[in-house]
Amino acid sequence: MTFAKPSRRAVVASALAVAACRGQAQTPPAPLALPPLKSVAPFPMGAAISVGGLEDADYRAVLLANFSQVTADWEMKMEQILQSDGTFSFAKADMIAAFARQNGLRLHGHNLIWYIYAPEPFQRMAGDRAAFERAYANYILAVAGRYRGQAVGWDVVNEPTAEDGDGYRDCLWRRALGMDYVATALRYARQADPEAVLFLNDYNLESNPKKRATFLRLVEGLMKQGAPLGGLGTQTHLEADLAPGAIKAAIRDLASTGLMIHVSEFDVTLQGHPLMSRAAKLAAEARLAGEAAEALAALPSAQRYAFTTWGVRDSDSWLRHPPNAGAGDDSPLLFDDEGRPKAAAAAFERALGARV
Ligand code: XIL
């Protein structure tokens with residue numbers, strides 16, 4: 001009996017059907033047993049943390065086992081420190097700094113000046129440039145000065161580039177001081193802390209080449225005028241449909257300045273892209289984690305500042321909390337809700353040469 005050779009599509013379909021059947025029968029994959037991230041990474045491994053998280057023993061266990069650096073999720077931001085009467089409150093920020101000190105963790109300061117803020121005390125001075133700059137200096141000197149000798153770096157200005165890359169953010173700081181608000185902030189931060197690496201930090205630099213070019217024009221201008229800029233933070237908040245090579249291209253571009261590079265807020269949201277299955281998004285997440293690790297590791301060691309994930313476990317992610325509680329089942333980080341390493345963590349380590 002001759003047997004008509006089935007078409008390639010038919011072969012694939014049946015193979016998949018068989019696999020699916022087999023899949024159903026299989027127990028869920030055994031949790032990955034991976035070496036600690038920080039033991040594999042040729043750069044400091046950072047995580048964004050919050051005082052609330054630190055009350056959770058499992059959170060602390062995953063954090064201390066895998067990470068060697070921390071960034072405060074919100075506790076070191078102006079919204080937390082600057083009170084409406086113009087005084088400063090460092091209670092929460094100090095808790096993060098103390099935890100880092102007590103556990104031998106590097107502290108990355110985030111952030112001093114951000115376009116989203118237009119605090120009352122500053123609005124009241126907007127018409128008086130000298131008074132405004134005095135208060136601006138006073139804030140930066142007080143905050144960066146307080147953690148002098150502990151903070152290894154600061155995001156001095158966060159998100160200076162316009163959303164679409166068409167120029168720079170309009171904000172209270174720019175209206176009061178012009179675009180010089182960036183160089184001015186860097187100079188006062190340097191005065192406050194002679195050692196800390198001073199960063200500009202922004203997002204969509206891998207997914208929007210125009211925005212990256214605009215960001216780099218600002219950087220080149222600052223370097224030309226001798227501003228004490230030491231590093232560039234690429235937040236790396238990614239979506240699952242990001243094309244292969246986009247992260248590498250961005251990091252190569254940013255590193256061409258010779259400055260230190262910080263993958264400063266890594267996560268991959270599974271939200272959006274309804275045509276992609278959850279499994280496909282998780283596979284893309286793993287691929288992107290590997291690419292980002294490889295891209296940073298490929299830089300000269302003097303330019304590898306750190307790789308920071310924006311949270312510790314999926315359940316801690318800002319993408320799972322108001323105002324971003326878009327999808328309660330978002331899974332953007334390297335560790336799942338229980339603190340178990342995910343495929344993305346294995347891909348991250350494999351990209352760094354670990355046999356996992
Ligand atoms: C986010 C925090 O994770 C949230 O908890 C907070 O509600 C809003 O800010 N870019 C940044 C971070 O530079 O500071 C933001 O952090 C996320 C986007």
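In each ligand, atom 1 is the first atom listed, and ligand 1 is the first ligand listed. The basis for the numbers below is simple: all heavy atoms, side chains too, and nothing from hydrogens, waters or symmetry mates.
Listed here is the closest heavy atom pair of R148 and D193: CA-OD2, 3.3 Å.
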Taking distance alone, no hydrogens or angles, what donor-acceptor pairs closer than 3.5 Å link side-chain atoms of residues 33-53 to residues at least two apart or in another chain?
from	atom 1	to	atom 2	distance (Å)
K38	NZ	L64	O	2.9
S39	OG	P36	O	2.6
S50	OG	G53	N	3.2

Under 3.5 Å, sequence neighbours excluded: what are the donor-acceptor pairs made by side chains of residues 215-231?
from	atom 1	to	atom 2	distance (Å)
R217	NH2	T214	OG1	3.4

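Geometric assessment of K342 against the ring of F348 yields a negative cation-pi assignment under the 6.0 Å and 45° thresholds.
Paired with H262 under the rule ring pair (Phe, Tyr, Trp, His ring centres under 6.0 Å), one option of Y305, W154, F307 passes, and it is Y305.
As a member of the Ile/Leu/Val/Met/Phe/Trp/Tyr network built from side-chain separations under 4.5 Å, L333 groups with nothing else and remains a singleton.
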Identify all N/O pairs between ligand 1 and the protein with a separation under 3.5 Å and present them as a table of atom names and distances.
from	atom 1	to	atom 2	distance (Å)
ligand 1	3 (O)	D73	OD1	2.7
ligand 1	3 (O)	D73	OD2	3.4
ligand 1	3 (O)	W310	NE1	2.9
ligand 1	5 (O)	D73	OD2	2.7
ligand 1	9 (O)	K77	NZ	3.1
ligand 1	10 (N)	E159	OE2	3.2
ligand 1	10 (N)	Q235	OE1	3.2
ligand 1	10 (N)	E265	OE1	3.0
ligand 1	13 (O)	H110	NE2	3.3
ligand 1	13 (O)	N158	ND2	2.9
ligand 1	13 (O)	Q235	NE2	3.4
ligand 1	13 (O)	E265	OE1	3.4
ligand 1	13 (O)	E265	OE2	2.8
ligand 1	14 (O)	K77	NZ	2.7
ligand 1	14 (O)	H110	NE2	2.7
ligand 1	16 (O)	K77	NZ	3.2
ligand 1	16 (O)	W310	NE1	3.3

